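What follows is a short report on a single structure.
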Amino acid sequence: MAKQFGIIFGCLALGELIALIPGIGIPGSILGMLILTFLLERKIVRPETIKPVCRFLISNMAFFFIPPGVALMLYFDLIASEWIPITVATVVSILIVLLVTGHLHQYLHNRFKHHNRHINHKDSHSHDK
């Protein structure tokens, strides 16, 4: 299990190191996940290798929300006094994310559908000869 944790935390540490490079505006945790995804995609790390530790972390995920929840309690007075702007910002950002994601999905779906149709059309003409 130490090797499995080493792989996951190694990716996280590498992501954090890369995030220290000036000009990189991506959090280290996100970079670490991208590194792990790259390693899994390239079959450098097999999913079976890290599966047990991933299952452990997911089954104990609630534990990881305790520190932010406790820290949030320190700001109840600020949240109470600024709840309207916080709520508006949250709702607007959710709507923007939904709209952008939906439109991007439709664009990519139509583009790949058109691309595949074009390839299939070329293949059907090449078989006619």
Side-chain angles (χ1 to χ4, degrees):
M1 191 169 279
K3 178 183 174 184
Q4 298 165 356
F5 273 112
I7 292 169
I8 292 173
F9 289 124
C11 291
L12 175 62
L14 185 57
E16 293 292 342
L17 284 173
I18 293 170
L20 293 175
I21 297 172
I24 295 191
I26 302 172
S29 58
I30 302 297
L31 291 172
M33 284 192 294
L34 291 172
I35 292 167
L36 182 58
T37 300
F38 175 81
L39 294 175
L40 289 166
E41 282 289 322
R42 299 285 178 232
K43 308 276 192 262
I44 297 168
V45 173
R46 292 188 342 239
E48 304 81 39
T49 305
I50 59 171
K51 189 174 184 176
V53 77
C54 289
R55 286 195 186 279
F56 170 78
L57 291 171
I58 289 170
S59 65
N60 293 293
M61 191 178 289
F63 174 75
F64 297 107
F65 286 98
I66 293 172
V70 171
L72 193 63
M73 292 187 326
L74 297 173
Y75 298 100
F76 276 155
D77 55 337
L78 179 64
I79 293 168
S81 67
E82 300 292 332
W83 72 270
I84 292 175
I86 292 170
T87 303
V88 170
T90 302
V91 170
V92 169
S93 64
I94 288 171
L95 291 175
I96 290 171
V97 168
L98 284 171
L99 286 170
V100 169
T101 303
H103 284 288
L104 181 62
H105 177 268
Q106 286 179 338
Y107 170 77
L108 292 174
H109 178 74
N110 290 335
R111 184 174 174 152
F112 285 119
K113 195 161 94 175
H114 175 73
H115 179 72
N116 288 340
R117 193 178 301 143
H118 179 70
I119 290 173
N120 291 338
H121 183 70
K122 278 176 56 175
D123 286 347
S124 66
H125 284 296
S126 66
H127 293 306
D128 292 341
K129 293 181 180 179

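All values below were derived from every heavy atom in this structure, side-chain atoms included, with hydrogens, water molecules and symmetry-related copies excluded. Worth saying up front: this structure is predicted, and the values here are computed from it rather than measured. Counting begins at 1 with the first residue of the sequence.
- Contact of the Leu31 side chain with the Cys11 side chain is not registered, since no non-hydrogen atoms from C-beta on lie closer than 4.5 Å.
- Summarising the geometry, atom CG belonging to Leu12 is positioned 9.5 Å from atom CE belonging to Met33; distances are rounded to the nearest 0.5 Å.
- With values rounded to the nearest 0.5 angstrom, Ile58 atom CD1 is found 10.5 Å from Lys51 atom NZ.
- Atom-to-atom distance recorded for Ser29:OG and Leu34:CG is 9.5 Å, nearest 0.5 angstrom.
- Ile66 and Leu57 end up in the same hydrophobic cluster when Ile, Leu, Val, Met, Phe, Trp and Tyr side chains are linked at under 4.5 Å.
- Within the 4.5 Å cutoff, side-chain heavy atoms of Phe5 are placed close to those of Phe56.
- The two residues Pro27 and Ala19 make their nearest non-hydrogen contact at C-CB, 4.3 Å.
- The distance from atom CD1 of Ile50 to atom CD1 of Ile8, rounded to the nearest 0.5 Å, is 5.0 Å.
- No path of Ile, Leu, Val, Met, Phe, Trp and Tyr side chains, each step under 4.5 Å between heavy atoms, connects Val91 with Ile79, placing them in separate hydrophobic clusters.
- Hydrophobic clustering keeps Val53 apart from Met61 (ILVMFWY residues linked when any side-chain heavy atoms are closer than 4.5 Å, directly or through intermediates).
- Note: Ile24 CD1 to Ile30 CD1 = 13.5 Å, rounded to the nearest 0.5 Å.
- With hydrophobic clusters built from ILVMFWY side chains whose heavy atoms lie under 4.5 angstrom apart, Leu104 does not share a cluster with Leu95.
- Taking 4.5 Å as the limit, some side-chain heavy atom of Ile18 sits within range of a side-chain heavy atom of Leu14.
- Looking at Ser93, its side chain does come within 3.5 Å of a backbone N or O of Ala89 through a donor-acceptor pair.
- In this structure the side chain of Leu36 reaches within 4.5 angstrom of the side chain of Ile7, judged on heavy atoms.
- The local environment of CD in Glu41 is sparse, with at most 12 non-hydrogen atoms from other residues, nucleotides or ligands closer than 6.0 Å.
- A single hydrophobic cluster is seen to contain both Ile35 and Ile44, as judged by linkage of ILVMFWY side chains at heavy-atom distances under 4.5 Å, directly or through other members.
- For Phe65, the CZ atom counts as loosely surrounded, since its 6.0 Å shell holds 12 or fewer non-hydrogen atoms of other residues, nucleotides or ligands.
- Atoms CG and NE2, from Leu98 and His103 in turn, are 10.5 Å apart once rounded to the nearest 0.5 Å.
- Between the side chain of Gln4 and the main chain of Thr49, a donor-acceptor pair closer than 3.5 Å is present.
- Of all heavy-atom pairs between Pro67 and Phe63, the closest is CD-O, 3.7 Å.
- Counting heavy-atom neighbours within 6.0 Å of Phe38 CZ, excluding the residue itself, gives a total of 12 or less.
- Considering Thr87, Val92, Ile94, Val88 in turn, Ile94 is the only one that fulfils the side-chain contact (heavy atoms from CB on, under 4.5 Å) rule with Thr90.
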